[in-house]
Structure formats: C-alpha cells, structure tokens
2 protein chains.
Amino acid sequence: MPTIDDVAKLAGVSTATVSRVVNKNGNVTGKTGQRVLSAMQELNYYPNKFARGLAAKQADGLGVVIQDFADPYFGMVLRGIEKVAKTHNLQITVASANRSAKDELKAIEFLRQQSYNVIILTTSLLSDEELLKCSDQNLKLINMGHLYSAFQNDCIYLDDIEGGTLATNYLIEQGHSKIAHISFPMFYGALPERSLGYHLALEKAKLSHSDELFIQSADFGQLSALQATQELLKRAKPFTALFASTDIMAMGAHKALRQAGLKIPDDISIVGYDDIDTASFLYPALTTIRQPIQEMGMAAAHLAISYLKGQIDQEEVVRKFSPQLVIRESVKNLN
Amino acid sequence: MPTIDDVAKLAGVSTATVSRVVNKNGNVTGKTGQRVLSAMQELNYYPNKFARGLAAKQADGLGVVIQDFADPYFGMVLRGIEKVAKTHNLQITVASANRSAKDELKAIEFLRQQSYNVIILTTSLLSDEELLKCSDQNLKLINMGHLYSAFQNDCIYLDDIEGGTLATNYLIEQGHSKIAHISFPMFYGALPERSLGYHLALEKAKLSHSDELFIQSADFGQLSALQATQELLKRAKPFTALFASTDIMAMGAHKALRQAGLKIPDDISIVGYDDIDTASFLYPALTTIRQPIQEMGMAAAHLAISYLKGQIDQEEVVRKFSPQLVIRESVKNLN
DNA sequence: TTGTACGCGTTATCAC
DNA sequence: GTGATAACGCGTACAA
C-alpha cells in the first residue's frame, strides 16, 4: 500500500502538500494540485485510516446501534444509512442492543472507545437523562424513530400520534366502533405515541373505549403479540377490529385470531404499522400505516455526516416525517 | 482518554510492560501484571484503536459483506456474527453488495482499504477466480452460505442438495407427483444446489419432471417470485405442489397463486426454504426447510476470529450444516 | 523480566 | 503557496 510519502516523492512535493490536496483545505496551486492528483491516481493511493484517525482523533465512519438485525424495520433503517454512507465513502460499524437499555448503553460506550464521534441510535428505551449523560462535546448522538425533547434537533422521527390516529380513524370510517389495540411496551411509564393516537381518535369520535380493549405486549416480537392477543380474546369484550403497533405484531395477532377460529377480515379487521416489505404479501394483504423508513435512515445518515464532515447543510435535512395510510385487504367495511 | 503512558506512570512501569499485559504476550511477572491491571482499571484505560492499527497494520474488527439489509436471512446471519464478535469485543463493519457481483467486489476493496484483514462474505455470485484474485496473504476471505471449491476450508455452508431433496421428497410422500419448482437465478450458469436436489429427488422417485414445471425467478425478491409464478401458471401445465427456493420467494408465489384463485394448501401445496422468523406466522403457516442461519453466522465469525487472533481452534468450527424439514400447514396430504 | 527508543502514516503548526 | 517537523498512541526490536 502506497503512503503519503510515496505520493509526495512521485509528485515532487512535500507530504504536507499532498495532505492539503487530499483534504481539500489549505491553498494549493492548480498546477501542483494536478501533479499530486495524478500521482495519487498512478499509485492508487488511499489515506491510511489509522494514521488519519490518530492525528485527527476521529474515526471517519458512522457508528450505528440498532435493536435487532432480524427485524425488517431495522433492516430498512440500515439500508438507508448504508446508501448514503457509501456515497461519502464512509464505513459503518453496527452494533445491536437487542431492545435492552443496558446493552444500548454498552454499545454506545463500545463505539465511543472505538473513537466514533457520531453515533446513530434507534432507541426509545433510554431516558433523556441517560442520553444526556452519554453525549458530550466529543460524542454526537443522532436518534431515529423517536423524538427526545432534549435532542430536538438531532432526532429523525415520524409523527406517531398522527399515525395512530390515522389507523384508528380509518377503522372508524369503515364502520368499526369496537376497536381493540395492542401496543408494544411502554417507555419508562409513558404511553407510546401510536397508542396515544389511538386513544385520541376514539375520544374525538366519542366512541367509548374500554381499557379491556387495550393491551401491551411483552416485547416487539410476534410471539408476544400472539400471546397478548390471546389475552385480549380471553377478556371476552367483543371487538370487530384490531390496531397493532407494528406489522410484525400484527402478524402475531393474526395468528392468534386465526387459532381462535376467527377469519380476517370477515370476523376481525386488522391494521398494522410500518409497512415492511412483506406486508403486501401477507394473506390477506395487510392494511397498514406506512413509515418511509429508508428515507428516514437516509436523513439520519445525512445529519450524522453533517456533524462528521460539515459539508452537508443541516438545515436541509428533514427531521419530521409523516405517516401514510396504505389500504389493502385486512379491513372489512361494515357500512 | 487515558493513554498507555498514563497507565505506565501510575503503575510505575514502562509502556512496553503495559503493552505486554494488554496483549497478553511477552512475559510479565504476576506482581507487575497486577499493578498494571489495577492501574488500567483505575484509569478506565482502553487502547486507542488507531495507534494500535497503525503499529500492527491490522484492523481489529471484522469486515462483513451482506447482500440486503432488509432480507431477514441476512439479518439472522448478522445476528449470529454480532453475537460472537461482541464476546470478543470486536467491532463489525458491514457493507451491502445488493446482490451485485460488481458491488461485492467494490465492497471487498473498500474494506481492504480500511485495513480489514479478515472479511466475511455471504455470496454465491462471484466465481472462484474472482474470489481468488481478491484474497492474498493480507486478506482472508470467509464465505457463508455457499461452498466454493477453491476455499473449501473457509466456507460455512449447508448441504443444499440434501435440502432440496428433503423438500421434494416430503411432497412426494404426501402423494404429490406434479411438483413445480421456482428457483432463484443461476450462479454463472450452474444450477443452484437446492434445485439440483429437487431434480434428483424427482428422478429417484421416477417421476417425470417437465421443464415446464421449473422456472427461475429474476432475483431473490417477493415480486419476482410472484411474476415467475404467474408465468408458471400461464404455461397451463398442471401441478399440485410448489417448492420455492426461499421463504421470501414462497411468499411471492403464494400471492400469485391466491390472485389466480387458488387456495393453499387445498389447491396447491407450498414448501419454502430457510425458515425465517416469520415463516410460522404466515397463513397458512409455511412448511419449509430450516437452515440454522444464526448458528452458521456464529461459525463464520468463529472462523474469522481464529484467523484474526489465532485464539480459537479452527478444527473445532463446524463448516457443514444440515437442513431440516419443518412441517407446518402449507402442504396437503393427497394420500 | 523489564525498559529504551524508534517507526507506523497522517495532520497541523510553524517557518520560509 | 509550500516545506520541515513535531505530535498522535501503540507495538516491538533491542538492550540491559
């Protein structure tokens, strides 16, 4: 591997000059610059990232912490992040926190040790305080998928209240009045915003909504959603529609319903959330709330890179995205 | 951040000694070693990866190239790799090749520039020659999911011929004789092994198998599988069962069948391949061939780390895994 | 067993 | 505008 010295010699300049043209700072004459550039080309020179990191005390790569590699939601997030990272020739180092706040903190610490100064998080499990404690002048945290009030400017998020409302309203429009909802776990006591949207929509429509129609799943998996749905069924409070907080959970719920002998959408209608790739291939195809997950991942990456390199205008990156109802086959019109 | 100098001073030794205990090489007295260890603890010292990489000319991390972040298969692979990387405190840098041989080569080159000396690949699109050209004494390539004859010892793979046979035989046992098969694209002209298994099983059972019942999908996605199935249907060669080369493709096929007014499994039976997380939550639950994907990812990581650090016994890591039939609801017994 | 001193490839601060 | 040169933090001959 050629070094900066090799390039300098070949171009007949000093290493300092080479460094200047590589980093496009400092003032280099057009002529000299050209000589250096062609020398770089000829030798196929790439700066050594270790030497660079040592001198700059900065990794030029993105640290990313996701929750579960096998969950398609995070797959879409990574797709988006990788796409823009690639155009900037940045490596991305990924760690999984497995939905555990403790592991999340560990992963951040690990990435920090690896000299990453910008980390993209995908959490909603940490508190503002915990996050605040992590970030300092040497560590910029970007979060995707949830708005933290202490990090307003560094969160890429969706209006989940609107999303929950959208789903619920659609069900109401279709003539449903007994609408159950299965949510993922609470964040340190607070109701997730999707569920808030559900409650708000019911109130606005002046529909009585009983606590018996609301349940929280133990985690984000299909199995827990299935169990939660069984519990819902056991309560014997009748409902004609079910709003699940994620598509994955909707799949679990669907299975529980089916096992109970119920047909979708004839007996029970279902609305999911996220619009993962498989949603349209389920049977029946899942009506759901679409998040532009990949775009949001890209936005997070843009923001991260703006902090890392400063060559992207922060004002231009969109932080807040809007949910969108995607109508398919899992809801029956009762009117 | 404390440096090796700080530790050395606090422990009253030289930096060389500290380095020795950090890397567990060289001979250090128990007493001295203890002093150093506690100094490290007290200062919360972690070696700077850049300085280390610069001196060692080696990244201590794993480079990984997958094909598609949003495909749960690769999610499971990453889950496995990350799990063991974490126990060794190794970062993993992931790039996606998007099923493109060209991008795969690019990704390898990129990772090489980043000084990764061990890269885990998940490809079957490259030729032996191309792979050979990439790897040299400075770059160790591990492949997962496909056996390359030029890299026998560095591939983690499943017996896919057996898998294809398993699927087909099960269908035959259930009384099916007209069995269609939808495969993913060929690897530079060679029939994928899963498909080979299908052909072999049919031959062995002395079932006439027409080319009209075999089709190759344009890619690995659901949509292409759907289109391939439509094409299959158009041929008007009747079949009662369909074997799809992946679960994802089975989902696409299912949708096409359904759109044609066919019921699963009453009219057509389906067998998939992989056993991704969602397979058991589909309706009907998908009968499939299980690959221990996560375990295979872990094996690949073990192998990679053995090359990186030499502290794992290479002989002990299992290279060849066995497929397993998982019976659920998508196959009808015709007997 | 332990310490000294240099090199790894780059950036940045000076001079010129 | 350009060139020396001193860091940056660590590993490792070599010496003691």
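All heavy atoms count here, side chains included; hydrogens, waters and symmetry mates do not.
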Length of the line joining [X]:[atom1] and [N]:[atom2], which is rounded to integer Å:
{"X": "A:Phe50", "N": "D:dG11", "atom1": "CZ", "atom2": "P", "answer": "12 Å"}
{"X": "B:Asp6", "N": "D:dC8", "atom1": "CG", "atom2": "P", "answer": "11 Å"}
{"X": "A:Gln113", "N": "D:dG9", "atom1": "CD", "atom2": "C1'", "answer": "15 Å"}
{"X": "B:Leu54", "N": "D:dT12", "atom1": "CG", "atom2": "P", "answer": "13 Å"}
{"X": "B:Lys9", "N": "C:dT2", "atom1": "NZ", "atom2": "P", "answer": "20 Å"}
{"X": "B:Met1", "N": "D:dC10", "atom1": "CE", "atom2": "P", "answer": "11 Å"}

Contacts of [X] that satisfy side-chain contact (heavy atoms from CB on, under 4.5 Å) - sequence neighbours left out:
{"X": "B:Met298", "result": "B:Lys83, B:Val84"}
{"X": "B:Asn143", "result": "B:Leu121, B:Thr123, B:His146, B:Tyr148, B:Cys155"}
{"X": "A:Ser14", "result": "A:Ala16, A:Thr17"}

Contact under 4.0 Å: [X] side-chain N or O vs [N] OP1/OP2:
{"X": "A:Thr29", "N": "D:dT2", "result": "yes"}
{"X": "A:Lys57", "N": "D:dG9", "result": "yes"}
{"X": "A:Thr17", "N": "D:dG3", "result": "yes"}

> Would you call B:Glu109 and B:Arg112 a salt bridge, taking side-chain N to carboxylate O under 4.0 Å as the test?
Replying inline: yes

>> Check B:Glu129 with B:Lys133, please: is the shortest side-chain N to carboxylate O separation under 4.0 Å?
In response: no

>> For a 4.5 angstrom cut-off between non-hydrogen side-chain atoms, does B:Thr93 reach B:Leu62?
In response: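 Not touching, per the 4.5 Å side-chain cut-off.
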
>> Quick check: closest heavy atoms across B:Ala304 and B:Val118, and the distance to 0.1 Å?
In response: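 Minimum heavy-atom separation between B:Ala304 and B:Val118: CB-CG1, 3.6 Å.
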
> Between B:Val317 and B:Ala299, what is the shortest heavy-atom contact and its length?
Replying inline: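 In terms of heavy atoms, the two residues are closest at CG2-O, 3.9 Å.
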
> Between the two ends of the helix from C:dT1-D:dA16 to C:dC16-D:dG1, what is the bend in degrees, rounded to 10 degrees, where each end axis spans five pairs?
Replying inline: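 Terminal axis comparison yields 30°.
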
>> Filter on side chain to side chain donor-acceptor pair (under 3.5 Å), then keep only pairs touching residues 52-73 of chain B, sequence neighbours left out; what's left?
In response: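 Every side chain to side chain donor-acceptor pair (under 3.5 Å) pair that includes a residue of residues 52-73 of chain B, provided the two are not neighbours, is A:Arg79-B:Asp68, B:Asn23-B:Arg52, B:Gln67-B:Glu104, B:Asp71-B:Arg99.
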
>> At under 4.0 Å between heavy atoms, how does the protein contact nucleotides 10-16 of chain C? Give one character per nucleotide, 5' to 3', with B, S or -.
In response: BSBB---

